[in-house]
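Values reported hereafter were calculated over all heavy atoms of this structure, with side chains retained and with hydrogens, waters and symmetry mates removed. Throughout, residue positions are numbered sequentially from 1 according to the sequence presented.
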Amino acid sequence: MASLTSIATPYRNSSSYPSSSHALRVNTLFSAGVRSPASSSSSSSLLTIRCTATKPDKPAAEVDWRQKRELLLEKRVRGVDVKEALRLQKENNFVILDVRPEAEYKEGHPPGAVNVEMYRLIREWTPWDIARRLGFAFFGIFSGTEENPEFIQSVEAKLDKEAKIIVACSSAGTMKPTQNLPEGQQSRSLIAAYVLVLNGYKNVFHLEGGIYTWSKEGLPIEAEED
């Protein structure tokens with residue numbers, strides 16, 4: 001008899017992504033047992049056919065945070081606070097790249113910010129995507145997300161490689177070491193910054209504190225209606 005087994009484990013450690021973007025490592029195994037007609041009841045043989053959903057290339061989020069942080073520091077990506085970000089936007093033609101989901105962006109964002117989602121809802125129905133949907137459902141999550149495979153293409157359509165960019169997400173991580181986090185902590189915006197420098201962007205900054213702090217400090221926010 002054929003059986004479908006789904007095994008899912010959350011991808012969480014000190015360098016996990018934010019709680020709003022759950023990542024799962026999921027393996028799905030389909031096994032079918034077929035008995036040989038020539039086998040006797042006392043010593044029957046069992047042929048097992050196994051097909052594992054193939055996982056695509058490792059997404060940026062699963063690259064070790066220490067490796068990402070090393071490249072970000074090498075490429076001189078630095079964090080800026082919200083007031084400095086506003087000044088750079090006004091005086092030095094910096095663009096705020098908001099990598100939050102579109103719905104969050106529309107609820108409120110810095111004026112002039114450009115939105116490209118770093119994560120999106122899982123859309124496809126390949127065996128791997130079905131496996132991930134099952135994994136999310138196992139944990140009661142029915143709106144699983146994935147790293148946006150069109151992220152860099154969408155950015156390139158809006159911003160050229162010489163653009164001066166400040167990457168922002170909800171609350172942001174940090175590259176600054178602390179007592180509890182000696183290597184800082186990654187976030188969607190830092191993952192996005194990593195992808196940008198990997199693809200040739202040269203002037204990339206990171207918004208410390210994210211849009212949450214921007215709003216909390218009373219800096220300009222605009223919303224969009226559907």
Please say yes or no: joined through hydrophobic side-chain contacts below 4.5 Å, possibly via intermediate residues, are Leu219 and Tyr212 part of one cluster?
no

Tell me which one of Met175, Gln186, Glu74, Gln185 satisfies side-chain contact (heavy atoms from CB on, under 4.5 Å) with Arg69.
Met175

Taking C-beta and beyond as the side chain, do Phe94 and Val80 meet within less than 4.5 Å on heavy atoms?
no

Could you state the interatomic distance from CG (Leu86) to CG (Asp81), rounded to the nearest 0.5 Å?
10.5 Å

Is it the case that the side chain of Trp214 and the backbone of Ala85 share a donor-acceptor pair, with hydrogens and angles ignored and the cut-off at 3.5 Å?
no

Would Ile96 and Val167 show up in the same hydrophobic cluster when neighbours are defined by side-chain heavy atoms closer than 4.5 Å?
no

Heavy-atom side-chain contact between Lys68 and Ile191 under 4.5 Å:
yes

How far apart are the C-alpha atoms of Val95 and Ile166, what are their side-chain angles, what is the distance that settles it, and do they pass the side chain to side chain contact (heavy atoms under 4.5 Å, CB included) test?
CA-CA 6 Å; Val95 177; Ile166 301 172; over 6 Å; no

Exactly one candidate in Lys75, Lys164, Arg76, Glu162 meets side-chain contact (heavy atoms from CB on, under 4.5 Å) with Lys202; the answer is Glu162

Any non-hydrogen side-chain atom of Phe205 less than 4.5 Å from a side-chain atom of Val77?
no

Heavy-atom count check: over 12 atoms from other residues, nucleotides or ligands less than 6.0 Å from Lys216 NZ?
no

Do Glu70 and Arg66 meet the salt-bridge criterion of a basic N to acidic O distance under 4.0 Å?
no

Check the pair Glu156 / Tyr201 against side chain to side chain contact (heavy atoms under 4.5 Å, CB included), numbers first and verdict last.
CA-CA 10 Å; Glu156 289 173 344; Tyr201 282 87; 3.4 Å; yes

Say whether, by atom type as modelled, one donor and one acceptor occur between the side chain of Ser187 and the main chain of Ala172 under 3.5 angstrom.
no

Leu190, Phe151: one ILVMFWY side-chain cluster at the under-4.5 Å cut-off?
yes

Do you know which two heavy atoms are closest between Ile221 and Gly108, and how far apart they sit?
CG2-CA, 3.7 Å

Taken to the nearest 0.5 Å, the spacing of Ile152 CD1 from Glu150 CD works out to 12.5 Å

Check: Tyr194 and Leu72 side chains under 4.5 Å, non-hydrogen atoms:
yes

Would you confirm whether Glu117, through its side chain, and Glu102, through its main-chain N or O, come within 3.5 Å as a donor-acceptor pair?
yes

Tell me whether Val204 shares a hydrophobic cluster with Leu207, the cluster being built from Ile, Leu, Val, Met, Phe, Trp, Tyr side chains joined at under 4.5 Å.
no

Once you round to the nearest 0.5 Å, how far does CG of Leu97 lie from CG of Asn115?
8.0 Å

Interatomic spacing from OG in Ser171 to CZ in Arg100 - rounded to 0.5 Å:
10.5 Å

Heavy-atom check, side chain of Val99 versus side chain of Val116, under 4.5 Å
no

Looking at Ser215 and Ile211, would you say the former's side chain and the latter's main chain have a donor-acceptor pair under 3.5 Å?
no

Any donor-acceptor pair under 3.5 Å linking the side-chain atoms of Ser170 with those of Arg188?
yes

Student check: side-chain heavy atoms of Leu159 and Ile165 closer than 4.5 Å
yes

Candidate pair Arg78 and Glu84, rule salt bridge (Lys or Arg N to Asp or Glu O under 4.0 Å), full reasoning:
CA-CA 12 Å; Arg78 69 178 180 90; Glu84 184 181 2; 3.1 Å; yes

Should Glu222 and His109 be marked as a side chain to side chain contact (heavy atoms under 4.5 Å, CB included) after you check the CA-CA gap, both sets of side-chain angles, and the distance that decides it?
CA-CA 6 Å; Glu222 64 181 19; His109 57 268; 3.3 Å; yes

Looking at every heavy atom in both Val82 and Glu217, which two are closest together, and how far apart are they?
CG2-CG, 3.8 Å

Val63 and Leu196: same hydrophobic cluster, using ILVMFWY side-chain contacts below 4.5 Å?
yes

Do you know the tightest heavy-atom contact between Pro149 and Gln153?
O-OE1, 3.4 Å

Do side-chain atoms of Asp98 reach the backbone of Val114 as a donor and acceptor pair under 3.5 angstrom?
no

Closest heavy-atom pair, Glu208 versus Gly173, reported as atoms and distance to 0.1 Å, is OE1-O, 3.6 Å

Closest non-hydrogen atom pair between Ala113 and Tyr105, with its separation:
O-OH, 2.7 Å

Should we say atom NZ of Lys176 is surrounded by more than 12 heavy atoms from elsewhere, each under 6.0 Å from it?
no

In terms of heavy-atom contacts, Thr174 and Trp65 come closest through O-CZ2, 3.8 Å

